[in-house]
Number of protein chains: 2
Amino acid sequence: MKMTEKEWQVELGQHLRNLRLRQNLDQREVAKRAPMALNAVKNLESGKGATVESLIKALRVLGREDWLDTLAPRVSISPLQMLKSSAPRQRVSSIRARSHV
Amino acid sequence: MKMTEKEWQVELGQHLRNLRLRQNLDQREVAKRAPMALNAVKNLESGKGATVESLIKALRVLGREDWLDTLAPRVSISPLQMLKSSAPRQRVSSIRARSHV
DNA sequence: AGTATATGGACCAAAATAAGTCTACTAAAA
DNA sequence: TTTTAGTAGACTTATTTTGGTCCATATACT
């Protein structure tokens with residue numbers, strides 16, 4: 001069962017809505033504190049399309065901006081590996097990247 | 001030190017870029033697999049403004065859609081409390097909600 | 001129970017912004 | 001040095017934001 005982008009958007013909106021209800025805030029109050037338009041909050045929660053900026057504004061009001069940082073790639077390399085690769089890649093290496101050729 | 005929305009957007013973009021580089025994909029490949037415009041990928045990673053839809057598309061390509069669900073509010077109520085409040089709220093309760101009055 | 005209230009959803013139009021498609025240009029990697 | 005991933009800009013199309021109004025119904029009150 002794989003979800004479509006829109007289904008994920010709806011799911012994300014429901015999470016935001018739950019967070020808001022938990023703090024007993026109405027949509028107007030969130031919009032006011034963001035600040036952003038009331039309709040933007042509605043779009044966000046109903047999953048009808050929103051910008052990343054709106055998402056972040058809402059997260060800030062709900063006190064969950066820190067969630068954004070949890071996307072950071074989990075460190076899976078051993079400390080010994082760190083000695084080898086000193087500088088992080090800034091570009092992909094060519095061979096495998098050219099899967100579009 | 002509190003970050004602005006734009007700074008958060010940049011930070012989020014960097015996380016996405018790191019995830020991409022870890023998989024040795026270039027922006028074109030991500031755009032192709034999403035599918036989305038190359039410009040949308042660039043906007044996302046540079047934090048210059050993007051839609052939630054673009055964010056989700058990129059996350060899917062990078063295999064991190066599950067991250068979206070980690071926003072779900074952590075359950076902090078005791079099992080005893082669950083017996084009391086049966087149905088989840090669909091709206092805020094009135095008194096505290098009217099902070100704008 | 002029935003009633004009043006106001007939250008949240010569904011619309012609309014205009015302004016703002018992002019997506020999509022292109023062409024150089026820059027700089028990191030080979 | 002050569003190759004090429006990533007950036008920057010211009011431009012058109014598509015979508016979102018903003019700011020309204022209307023209204024169904026969950027919630028609160030009598």
Side-chain angles (χ1 to χ4, degrees), chain A residues 5-6 9-10 12-58 61-62 85-101, chain B residues 5-6 9-10 12-14 16-58 60-61 84-101:
Chain A
E5 284 87 17
K6 290 195 175 176
Q9 242 180 309
V10 170
L12 178 61
Q14 286 173 341
H15 290 328
L16 290 167
R17 170 171 232 269
N18 289 338
L19 286 171
R20 173 176 63 78
L21 290 174
R22 231 164 221 261
Q23 301 184 28
N24 210 40
L25 300 171
D26 60 25
Q27 294 178 335
R28 252 182 300 177
E29 185 63 18
V30 171
K32 191 165 139 193
R33 293 189 189 178
M36 64 199 286
L38 176 58
N39 265 339
V41 178
K42 290 180 180 180
N43 284 344
L44 202 47
E45 290 192 3
S46 61
K48 289 192 177 171
T51 59
V52 171
E53 188 181 354
S54 293
L55 170 62
I56 292 176
K57 280 184 178 176
V61 171
L62 300 171
S85 59
S86 53
R89 270 220 172 287
Q90 296 183 7
R91 292 189 182 179
V92 301
S93 52
S94 62
I95 302 298
R96 294 192 55 200
R98 293 202 316 236
S99 56
H100 53 283
V101 176
Chain B
E5 285 89 16
K6 290 195 175 178
Q9 241 180 313
V10 170
L12 178 61
Q14 286 173 341
L16 290 168
R17 162 168 294 190
N18 289 339
L19 287 171
R20 174 175 61 79
L21 291 175
R22 236 166 216 256
Q23 302 184 26
N24 210 40
L25 299 172
D26 59 26
Q27 294 178 336
R28 277 196 199 91
E29 185 63 19
V30 171
K32 190 167 145 193
R33 292 189 190 178
M36 63 198 289
L38 176 59
N39 234 350
V41 178
K42 290 192 281 197
N43 284 344
L44 253 182
E45 290 192 2
S46 61
K48 288 190 177 172
T51 59
V52 171
E53 188 181 354
S54 292
L55 170 62
I56 292 176
K57 281 184 178 177
R60 294 191 74 179
V61 170
K84 287 191 170 183
S85 59
S86 52
R89 270 222 169 288
Q90 297 181 9
R91 294 188 183 176
V92 300
S93 53
S94 63
I95 304 296
R96 296 190 54 198
R98 295 201 313 239
S99 58
H100 52 282
V101 175

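Residue numbering restarts at 1 for every chain, and letters A, B, ... go by the order of the sequence lines.
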Record whether the side chain of A:K42 comes under 3.5 Å of the base of C:dG8 through a donor-acceptor pair of N or O atoms. no

Length of the [atom1]-[atom2] vector between [X] and [N], whole Å:
{"X": "A:L21", "N": "D:dA26", "atom1": "CG", "atom2": "C1'", "answer": "12 Å"}
{"X": "A:K32", "N": "D:dG19", "atom1": "NZ", "atom2": "P", "answer": "14 Å"}
{"X": "A:E29", "N": "C:dA6", "atom1": "CD", "atom2": "C1'", "answer": "15 Å"}
{"X": "A:D26", "N": "D:dA28", "atom1": "CG", "atom2": "P", "answer": "13 Å"}
{"X": "A:L38", "N": "D:dT21", "atom1": "CG", "atom2": "P", "answer": "13 Å"}
{"X": "B:E45", "N": "D:dG6", "atom1": "CD", "atom2": "C1'", "answer": "9 Å"}
{"X": "B:I56", "N": "D:dT16", "atom1": "CD1", "atom2": "P", "answer": "12 Å"}
{"X": "B:E5", "N": "D:dT17", "atom1": "CD", "atom2": "P", "answer": "13 Å"}

Once you apply a heavy-atom cut-off of 4.0 Å, does A:S46 come out as touching a base, just sugar-phosphate, or nothing? nothing

Between [options], spot the one nearest the side chain of [X], thanks.
{"X": "B:V92", "options": "D:dG6, C:dG8, C:dA19", "value": "C:dG8"}
{"X": "B:R28", "options": "C:dG9, D:dA5, D:dA26", "value": "D:dA5"}
{"X": "B:Q90", "options": "D:dT17, D:dT27, C:dG8", "value": "D:dT27"}

So, using side chain to side chain contact (heavy atoms under 4.5 Å, CB included) as the criterion, who are the partners of A:K48 when residues are at least two apart? A:N43, A:S46

Could you list the residues that satisfy side chain to side chain contact (heavy atoms under 4.5 Å, CB included) with B:E45, not counting sequence neighbours? B:R17, B:R20, B:Q27, B:V41

Shortest non-hydrogen contact from A:G49 toward A:Q9: CA-NE2, 3.2 Å

A:A34 and A:K57: which non-hydrogen atoms are nearest, and at how many Å? CB-CB, 4.1 Å

B:V92 side chain near A:L21 side chain, heavy-atom distance below 4.5 Å: yes

Can you find a pair of side-chain heavy atoms, one from B:V61 and one from B:E29, that are under 4.5 Å apart? no

Anything under 3.5 Å between a protein N or O and an N or O of nucleotides 10-15 of chain D, put it in a table, one pair a line.
none

Identify, between B:Q27 and A:Q9, the residue whose nearest nucleotide on DNA chain D lies closer to the 5' end. B:Q27

Any side-chain N or O of A:R20 below 4.0 angstrom from OP1/OP2 of C:dG8? yes

Residue mapping more 5' on DNA chain C - nearest nucleotide basis, B:L44 or B:R91: B:R91

If you apply the rule side chain to side chain contact (heavy atoms under 4.5 Å, CB included), what do you find for A:L12 with A:L55, and how did you get there? CA-CA 10 Å; A:L12 178 61; A:L55 170 62; 4.2 Å; yes

